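Presented below is the structure to which this report refers.
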Amino acid sequence: MFSDVSSKVSFPGMEEEVLKLWAEQDIFKKSVESRKEGKEFVFYDGPPFATGLPHYGHLLAGTIKDIIPRYQAMRGHYVSRRFGWDCHGLPIEALAQEALGLAGAPAIQEAGVDVFNEQCRSMVTTYVEEWEKTVTRMGRWVDFKNDYKTMDKNFMETIWWVFSQLWEQDRIYKAHRIMPYSWKLNTPLSNFEAGRNYQDVQDPAITVRVRLLDFEFEHASALIWTTTPWTLPGNLAICAGPDIDYVALKDKETHEVFVLAAARVSAYYKKEEEYEILKTFKGSELEGLKYEPIFDFFGGNPHSFQILNDDFVSTEDGTGIVHMAPAYGEDDYRVCRGYDIPLVDPLDEDCKFTGLVPDYEGEFCKDADKAIIQALKHGGKLIYQSTIQHSYPFCERTDTPLIYRAIDAWYVRVEDLRERMLKNNAGVHWTPDYVGEKRFANWLADAKDWNISRNRFWGSCIPLWVNVDDKDDIICVSSCEQLEELSGVKVDDLHKHHVDKILIEKDGKTYKRTPEVLDCWFESGSMPYAQNHYPFENKEHFEANFPADFIAEGLDQTRGWFYTLMVLSTALFDKPAFKNVVVNGMVLAEDGLKMSKRLKNYPDPMNVINEYGADALRLYMIYSPVVRAESLRMSEEGVKHSLRHLLLPWWNAYSFFVTYANIDEWTPAQSVPERDNLMDRWIQSSLARLEQQVSDAMDRYDLQASVRPFVQFIEDLTNWYIRRSRRRFWKSEDDTDKMQAYSTLYEVLIGLSKIAAPFTPFISETIYQNLKTDDMPESVHLCDFPTAADAKRDEVLEGQMAVVMSAVEQGRTLRGEYKLKNRQPLAKMHVVCDDEKLLANIQALESLISDELNVRTVEFSTDSSELATIQAKPNFKQLGPKLGPLMKKAVPLINSLTDEQIASISAGETVAVELEGKTIELTSSDIEVVRNPKEGMAVSAEGSLVVGLDTQLTEGLLTEGLAREFVNKIQSMRKEMDLEVIQRIHIGFKGDEAIGTAVAKYGNYIEAETLALSCKAQSEEDETGMQWDLNGHACFLSIRTAS
RNA sequence: GGGCGUGUAGCUCAGUUGGUUAGAGCGCGUCCCUGAUAAGGACGAGGUCACAGGUUCGACUCCUGUCACGCCCA
């Protein structure tokens, strides 16, 4: 006996039970361990930041990361799944700052890096519990106990090893990065921090001329414009836009020649009479022109004092020629670097001028503006002076203006890896393909050297110890052991507040660690090695199982995890880090906007799970384009939909089976292998098709396509197989056919639960648990995925059934058109098909058709001429290429072919027609034959199939219809009374003569259908029972249960 | 501003190498069926396939441009 199954199931409740079962029997562990002998399928989990609760994006990625490994495990692979946590970086630092009330980097230093870092460490775990709860509730199987955290010592040690590998390859170099800098606190800030305190300020805006050397006009100067005069002593170049138009103009008053952007002339001259245009240039023509340095502090700087070209130059303000001080501007730095101009930075840590600029030595840079402007004026170089009001970033702690300046930074040389990365990427299978082939490949082709240093606190430390007296003398430490050897200090923790205290004394020299920490992307990119503590441990295992078979993350990781994995794996092993990757899109709120806590424009994930269940949510997400990198508008209705249209019908099918199997005390032991009934063979073939379609799609990592065939299958199972087979299950004698029906439905339900197990692990498990026999694995997730080898497909039968279904559908349509309800039996139906073989196949299912459409006989024939006319339509695909431009004119010709012509073409002959003097030979593949129902008849035609209904109603048919109506009302009453399915009853009725006749004639039928022991007329006076209208005949019906 | 993607019914989405009548589900309307009942079926209304050009006998599909939205970058 199976456990009774209620059709009124609570899916979320059922899921909780399954979770309990998994936990109690340790199924996840068993599912991994039982495949130990199988080939390993390697999965890498991209670590999320542990700084907030999981949202739909995480649930989505988590579902993908669950389905593929579950599937691969069922395919016999060993799939270990370790959860990962990204513990370092700004998000967690921001939380810690908030908790400690620290406003920025300097405040942290003041409070103590140790205090701060320990605060970060303690907060990482804040969300761990909540995450584990949600992830588990979603049905994701992942190992939280054997997880990896980027803050673990072993993980961090491997990071050092990875870094040292790059160091040995000479990939690490020190350069600069332009960052906002607080001169008051002597520290750089992140761009994020700089963005939090903008103030409106007035700054000088001056236009300065630089004298051009060897220009085609005498006494010529280029005009530049700046709002930071203090950067002019550090001016090393000026820059023009290559496509911008510039003019050389002569000032009619002073007779001097100025060069500036044509679009900016009007900003300096009110009237055209004031100047004369001498020549127009493109910016590209100015490139390389030398000029006289504005100040002579750095006169000898290589490659300097020339006009450069770059596209960033605009003509929105200024002169269209940009002054470049590479130490004080991002564009300046970048452009000058391209021209090999080394930067000069004459400011000390307080942003005061150093001895390099003796004129202003000791003066704070911004305070020097006045003196510098004076000097320019005296030197005749100041053309125009004004002030500008603009919004400018301030230090949020000290309210002093930030200075953008070059900060030391460490880089990984990546640009020379481009070719190798592209080659490695070419071997990666991306879903969808364009993300890898276009988006990611383009990004790789344009990869820039990677700034890996952060002037922060909570992260992996850059393992470089620098000689305090010689900045070029650097030791790269690659392991804890090495650091212990070099320093004599025992190393227990690799975080900044511990490691920075460790000095290395070697050959009388002292080495101190460079203060920066590593970009946390460096850590996630090192995850394949670091999670295994490679190469300190697991060396062979790692090397035998790298790269990963599969990873999955969101589209936003193109520049994130996907990229850092590729950079490091290419540099270290010249391989990609993953073979297959599924890229999901973003989950948006239903209104198409980003989900926003503030707007509350989305339902809480836990509420959705508790309302509809995790299976429904999983199915909804997976059966959408979001698994192909497109965005998804998260809709609660959609979740409900997948519950109603997939899970519920499936559950009902299962509930139907269990109900009747229990009534008949059918057990799997009575299972028989024979399948005489075409319906049984057909549903098994459909299941085989499902197996094939799902595994094909899964092997391509196409999740959406792997869910799609379930929709059709559930439809076929419930709306055709079960509905059409229902009687076989409740005919009272245990005949062979019934045994076969039970066996078939049982096998199908078991098979379906296996195929669906990776997608909807809960309902699959529940159904499996109830149906399984003792010799089957204890969980559906320990089963093997059914493969094509097991498949009992019969495609001919599938095709045949499709035609039958079409015939039935047409019959139903005709009944609708002629307002003949299905309970009214009809005498005859015609099914016509000129394909004899097909017709014979349909004929084999005659009883199915007659039963479904409630007709007494079905007449099969190959001649449709009585019911329909035929017409030829051109087959464009075939004829188009043959006829070319004549195609259009051939259409009416073909449409008007005679019946005889069509017949002979169909018979395989060739018919020639004339078109514009040319002879066209038409063969059967050139035309399509269309059948049109004849007017005034109940006929429908589709393809080669024509269906006709005999709509004549005889006395006998009406009487039978009445009996059917009678049964229907009794059944409604049984249901209304909530009777057990097997409850026997006595029926009483009172009605007119027609009803009496019907009951007299069909009494046995009525009793059999309604499980009635008797059906008797009540006396005239007896007014008990319900009043009904049976096809216009008033009637009282009453039911008495039999004891 | 650049790269990539998306734009098809009121909504969510399918649409195979170009082939004439562009599909499904939800919602709406009408009817039907029912021991799958938190259902099911049939029919109907609803589309200038974002827009504009081009290639072709033929374009939702290929090409070019424009617009809107998304992700990433600047």
Side-chain angles (χ1 to χ4, degrees), chain A residues 7-11 311-312 314 330-331 334 432 434-443 445-446 448 554-560 563 583 585-586 588 590 592-594 620 623-625 628-633 635 637-638 640-645 648-657 659-660 704-705 708 711-712 714-715 717-720 722-723 726 729-730 808-817 819-824 852 854 873-891 928 930 968 971-972 974-975 978-982 1009-1011:
Chain A
S7 57
K8 296 189 167 58
V9 64
S10 152
F11 283 98
D311 286 324
F312 91 95
S314 84
E330 215 169 311
D331 287 316
R334 176 179 57 79
Y434 67 82
V435 176
E437 284 163 19
K438 304 277 184 133
R439 187 184 253 250
F440 193 59
N442 287 351
W443 177 252
D446 198 34
K448 297 285 192 309
L555 189 58
D556 50 342
Q557 295 301 322
T558 314
R559 275 78 174 154
Y563 177 63
V583 183
M586 302 291 121
L588 306 175
E590 194 160 12
L593 302 173
K594 278 190 181 171
Y620 165 67
Y623 187 37
S624 83
R628 285 207 327 265
E630 283 177 43
S631 48
L632 170 73
R633 293 184 177 199
S635 133
E637 272 303 310
K640 199 165 145 189
H641 183 262
S642 65
L643 176 69
R644 283 197 157 180
H645 293 277
L648 210 51
W650 176 13
W651 184 267
N652 286 335
Y654 157 67
S655 158
F656 170 86
F657 169 79
T659 304
Y660 287 100
Q704 190 185 19
R708 198 172 295 139
V711 179
Q712 183 61 51
I714 297 278
E715 167 81 10
L717 175 66
T718 60
N719 257 331
W720 192 245
I722 292 184
R723 198 162 56 79
R726 203 185 293 143
F729 292 90
W730 54 299
V808 166
E809 194 180 310
Q810 290 180 58
R812 278 202 288 250
T813 304
L814 289 172
R815 271 187 173 274
E817 272 175 34
K819 300 223 183 300
L820 292 165
K821 56 179 169 182
N822 218 28
R823 272 197 299 274
Q824 175 59 57
E852 178 69 19
N854 195 15
K873 290 259 160 110
N875 179 350
F876 284 87
K877 199 167 181 175
Q878 178 77 19
L879 281 172
K882 214 157 102 182
L883 301 184
L886 288 176
M887 187 67 220
K888 260 184 188 148
K889 288 172 179 145
V891 174
E928 260 175 275
V930 181
N968 170 252
Q971 300 291 34
S972 300
R974 285 186 63 110
K975 213 164 103 188
D978 215 12
L979 297 186
E980 288 293 321
V981 174
I982 50 174
E1009 288 296 308
T1010 60
L1011 296 187

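Here is the naming used below: chain letters follow the sequence lines, and residue numbers restart at 1 for every chain. Predicted model only: the values in this text are computed from it and were never measured.
Scanning RNA chain B for stems, defined as runs of 3 or more consecutive Watson-Crick or G-U wobble pairs whose donor-acceptor distances all fall under 3.5 Å, gives the following ranges: B:1-7 with B:67-73, B:10-13 with B:23-26, B:28-32 with B:40-44, B:50-54 with B:62-66.
Separating the C1' atom of B:U6 from that of B:C60 is a span of 15 Å, rounded to the nearest Å.
The distance from atom CD of A:E715 to atom P of B:G40 is 9 Å, rounded to the nearest whole Å. At whole-Å resolution of the value, OH in A:Y623 and P in B:A24 are 13 Å apart. We find that CZ of A:R633 is positioned 10 Å from P of B:G70, with the value rounded to whole Å. Protein atom CZ of A:R559 is 10 Å distant from nucleotide atom C1' of B:G2, rounded to whole Å. As rounded to whole Å, 15 Å separates atom P of B:C73 from atom CG of A:N442.
Annotation: of the two residues near RNA chain B, A:F656 and A:L588, the 5′-most nearest-nucleotide partner is A:F656. Where A:S10 and A:R708 each meet RNA chain B at their nearest nucleotide, the meeting point lying more 5' is that of A:R708.
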Look for any protein N or O under 3.5 Å of an N or O in nucleotides 5-9 of chain B and output each such pair with its distance, or none.
| from | atom 1 | to | atom 2 | distance (Å) |
| --- | --- | --- | --- | --- |
| B:G5 | O2' | A:Y434 | OH | 3.3 |

Tabulate atom names and distances for all N/O pairs under 3.5 angstrom spanning the protein and nucleotides 25-33 of chain B.
| from | atom 1 | to | atom 2 | distance (Å) |
| --- | --- | --- | --- | --- |
| B:G25 | O2' | A:H641 | NE2 | 2.3 |

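An OP1 or OP2 oxygen of B:A14 is reached within less than 4.0 angstrom by a side-chain nitrogen or oxygen of A:Q704.
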